[in-house]
Amino acid sequence: MVRVAVSEGAGGGGVVRPLAEDGTPSGPAVEVDDLVAEIGERERDGAPRWVWPSTARLAPRLLAAGVRVARCHDLELVESLLLGHAGRYGEPRSVAAAWARLRGEPVPDDPLPGATVSAQASLFGDEAPVGDDIERVVAVHAEQQRGIAKLHGFALLTAAESAGALVAAEMTHAGLPWSAERHDALLTEMLGPRPSGGLRPRRLQELADRISDAFGGRGHVNPDSPAQIQKAFASAGLPVNSTRAHVLKSVDHPAVPVLLEYKELSRLHTAHGWSWLDTWVADGRFRPEYVVGGVVSGRWATNGGGALQIPRVLRKAVVADPGWTLVVADAAQLEPRVLAALAGDRAFAEAAAHGDLYSALAGAFGDRDDAREKAKIALLSAMYGGGTGEAVQLLSVLRTRFPDAFEYVESAARAGERGHLVRSLLGRTCPPPSAGWRELTIAGEETAAQALRSRGRFTRNFVVQATAADWALVLLASLRRRLAAMGPPELVFFQHDEVVVHAPCEQADEVVAAVHDAAREAARLLFGATRVLFPMETAVVDTYADAK
DNA sequence: AGTCAATCTCAA
DNA sequence: CATGTTGAGATTGACT
């Protein structure tokens with residue numbers, strides 16, 4: 001496939017240069033005045049794979065001009081993946097840094113996020129002239145291609161990561177349909193009308209007053225202050241070591257139910273109240289900034305807006321446009337299925353070849369009513385590193401029935417405890433332990449044992465969570481390609497193992513089919529001919545809240 | 001007035 | 001002896 005290297009210049013211009021697959025230039029560098037228009041034209045002519053420093057910086061400009069591209073190679077994201085694989089976590093990933101590493105020169109720190117090309121140039125003063133930049137892009141890309149070719153799975157991983165960056169930019173551009181009216185109505189219903197200034201909403205103030213009263217009314221107890229709450233309980237002869245909801249639930253005091261209600265509503269008000277609405281919703285759309293590869297395991301993060309923690313009650317505010325619908329799809333029990341496929345455990349894969357995985361495994365836990373629940377606890381413990389109380393017995397059942405799956409996560413935990421790196425199926429690599437960790441573990445004290453176990457839990461979970469993220473990313477890339485061929489439908493939300501597509505009603509069935517096809521394709525690309533199924537639960541709804 | 005850790009709850 | 005993963009984000013309260 002043809003590739004085209006891109007370097008952004010100041011003032012909307014730039015330089016492009018065609019490349020062969022291995023990164024060798026196949027034509028001259030061409031300086032253009034309007035980079036966005038140039039990319040649009042070349043995309044229409046032949047849809048090359050665009051090789052550029054950062055999708056997150058360039059794609060918003062392209063999308064604003066109505067230019068969509070099919071494929072790219074994001075040099076910064078790929079650099080991060082390659083550095084991570086080499087155990088060099090967190091080193092600078094800019095093209096300038098990669099170029100410096102290539103030449104054995106001092107490596108510059110990455111610029112702060114948000115800086116524009118021209119701002120960076122003036123900040124660092126000594127940047128090379130524009131004509132030089134394209135040569136850096138070409139050289140860094142060629143080196144990355146050499147690195148990718150040596151690593152099994154990396155070609156798919158880097159392509160999917162880059163496609164993910166395009167999805168992220170497009171989702172921010174499209175926005176999640178969000179009804180400010182319904183959001184406001186929900187808040188008013190639960191909290192009372194919107195207060196002026198920084199006052200507490202009526203309902204919260206009532207609850208706060210009742211809490212003070214319940215503690216005897218002598219002076220105010222600020223329910224927002226854990227310290228004051230703890231003191232108040234101590235004065236009432238009911239000392240608590242924390243003010244968490246699940247701790248308070250076991251305390252018998254009239255303030256408790258009021259406090260729990262206050263906490264829940266207060267959380268809604270502070271995290272997703274009117275000021276959130278003012279800040280994040282405009283023109284009927286919620287537009288968070290997604291950070292691809294922002295989590296060590298390859299899951300995405302977001303910058304502002306708390307998009308990955310939208311409370312369930314607020315999903316009522318996510319409403320399709322008239323004549324449109326939301327296709328909500330989530331991968332059922334993704335992580336245990338990933339473990340089954342990853343470990344190649346025959347007995348486990350057999351169980352995972354059916355609908356409900358936990359029910360399928362329940363047989364291993366005997367003939368009891370709560371066998372499914374036990375199977376679930378055992379699986380989650382195996383993946384999260386639990387093992388207290390009841391989970392001990394459950395884990396031993398798992399070990400005898402599904403030895404390969406058990407051994408897979410155990411061996412990841414042992415590798416972690418030895419300070420080794422572990423990787424996802426496609427090669428995404430966990431960060432190495434810190435210097436502080438190594439010091440701790442030398443000490444040989446209780447704190448050392450604690451640090452070892454903690455690292456083991458991390459690596460045990462990493463192999464599963466990161467491979468699940470691999471799978472989800474490949475699914476996303478596949479789904480994006482299928483939706484692009486359909487026209488209007490757009491991806492508007494992605495959260496670890498769940499996607500939302502906004503589509504014209506008449507295309508809903510087609511979108512549902514595309515989701516299932518994409519899931520199958522992802523399973524095949526990662527695991528080949530595995531028997532494990534990766535079912536997607538889909539719902540076609542007017543509002544996100546109706547999905548489940 | 002700004003920074004930072006601790007605490008808490010939300011999501012998968 | 002105790003052993004549950006990854007995050008975002010708001011607030012308090014201590015510190016500079």
Side-chain angles (χ1 to χ4, degrees), chain A residues 198 200 222-231 240-248 259-260 262-273 275-276 279-280 288-291 293-315 330-336 338-339 376-392 394-395 409 412-413 416-417 422 424 428 430-431 445-469 471-472 493-499 544 548:
Chain A
R200 275 198 185 113
N222 176 4
D224 293 324
S225 167
Q228 285 187 34
I229 294 294
Q230 217 165 336
K231 263 186 203 156
V240 290
N241 52 12
S242 142
T243 60
R244 288 186 181 144
H246 69 93
V247 173
L248 295 183
L259 198 48
L260 292 175
Y262 178 89
K263 275 168 164 291
E264 194 180 334
L265 293 178
S266 169
R267 159 84 191 181
L268 180 67
H269 177 239
T270 53
H272 288 97
S275 66
W276 181 92
T279 309
W280 291 103
E289 184 194 336
Y290 298 92
V291 184
V295 178
V296 290
S297 62
R299 271 144 68 133
W300 291 10
T302 55
N303 232 345
L308 303 183
Q309 304 107 245
I310 298 170
R312 300 193 91 93
V313 288
L314 278 191
R315 294 185 181 186
D330 88 278
Q333 305 157 342
L334 176 59
E335 293 192 354
V338 161
L339 175 57
K376 183 174 176 179
I377 291 171
L379 264 181
L380 294 178
S381 295
M383 290 186 303
Y384 286 168
T388 34
E390 193 182 39
V392 177
L394 299 180
L395 278 172
V409 288
E417 292 183 3
V422 296
S424 74
R428 191 185 304 266
C430 76
E445 308 282 333
E446 176 58 25
T447 49
Q450 226 170 58
L452 286 170
R453 282 193 302 270
S454 161
R455 176 81 188 167
R457 282 195 304 275
F458 169 59
T459 52
R460 172 199 298 273
N461 181 252
F462 184 94
V463 292
V464 179
Q465 188 181 114
T467 303
W471 181 88
F493 195 56
F494 168 57
Q495 180 170 232
H496 312 317
D497 61 1
E498 184 177 4
V499 294
Y544 193 9
K548 55 179 175 184

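All chains are named by letter (A, B, ...) in the order of the sequence lines, taking the proteins before the strands, and each is independently numbered beginning at 1. FYI, side chains are in, hydrogens and waters are out, and symmetry mates aren't considered; it's all heavy atoms of this structure.
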Margin query: Going by ring pair (Phe, Tyr, Trp, His ring centres under 6.0 Å), name the residues that satisfy it together with Y384(A), two or more places apart in sequence or in a different chain.
Written below: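 With neighbours one apart ignored, the set is empty.
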
Margin query: List the residues meeting ring pair (Phe, Tyr, Trp, His ring centres under 6.0 Å) with Y290(A), not counting sequence neighbours, and say none if there are none.
Written below: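 Per chain and number, Y290(A) pairs via ring pair (Phe, Tyr, Trp, His ring centres under 6.0 Å) with W300(A).
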
Apply side chain to side chain donor-acceptor pair (under 3.5 Å) to [X] and list each qualifying residue two or more places apart in sequence or on a separate chain.
X: Q333(A); result: R337(A), D356(A)
X: S424(A); result: D470(A)
X: S297(A); result: Q465(A)

Check: For residues 448-458 of chain A, which residues have at least one heavy atom under 4.0 Å from DNA chain B?
Finding: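 Per residue number, the list is empty: none.
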
Which residues share a salt bridge (charged side-chain N to carboxylate O under 4.0 Å, His left out) with [X], sequence neighbours left out:
X: R453(A); value: E446(A)
X: E498(A); value: none
X: R455(A); value: none
X: D224(A); value: R200(A)

[X] [atom1] - [N] [atom2] separation (whole Å):
X: Y290(A); N: dA8(C); atom1: OH; atom2: C1'; result: 14 Å
X: R428(A); N: dT6(C); atom1: CZ; atom2: C1'; result: 13 Å
X: R460(A); N: dG4(C); atom1: CZ; atom2: C1'; result: 10 Å

Notebook entry, point to check: Short question: side chain of T467(A), backbone of V464(A) - any donor-acceptor pair under 3.5 Å?
Noted result: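 No.
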
Check: With a non-hydrogen cut-off below 4.0 angstrom, is V464(A) in contact with a base, only sugar-phosphate, or nothing?
Finding: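 Counting heavy atoms under 4.0 Å across all strands, no contact is made by V464(A).
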
Margin query: Over all strands shown, is G294(A) touching base, sugar-phosphate only, or nothing at heavy-atom distances under 4.0 angstrom?
Written below: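 Answer is nothing: G294(A) stays at 4.0 Å or more from every strand.
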
Note to self: Could you go through L268(A) and L314(A), starting from their C-alpha distance and side-chain angles, then the distance that decides it, and tell me whether this counts as side-chain contact (heavy atoms from CB on, under 4.5 Å)?
What the structure shows: CA-CA 9 Å; L268(A) 180 67; L314(A) 278 191; 4.1 Å; yes

Item checked: V295(A) vs S225(A), nearer the 5' end of DNA chain C by closest nucleotide ->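 Upstream on the strand: V295(A).
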
Next item on the list: Would you mind reading off the bend of the helix from dA1(B)-dT16(C) to dA12(B)-dT5(C) from its two end axes, five pairs each, to 10 degrees?
Entry: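 What I find for the helix from dA1(B)-dT16(C) to dA12(B)-dT5(C) is an axis angle of 0°.
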
Note to self: For nucleotides 6-12 of chain B, give me one character per nucleotide, 5' to 3': B if any protein heavy atom sits under 4.0 Å from the base, S if the only such contacts are to the sugar-phosphate, - if neither.
What the structure shows: --SBBSB

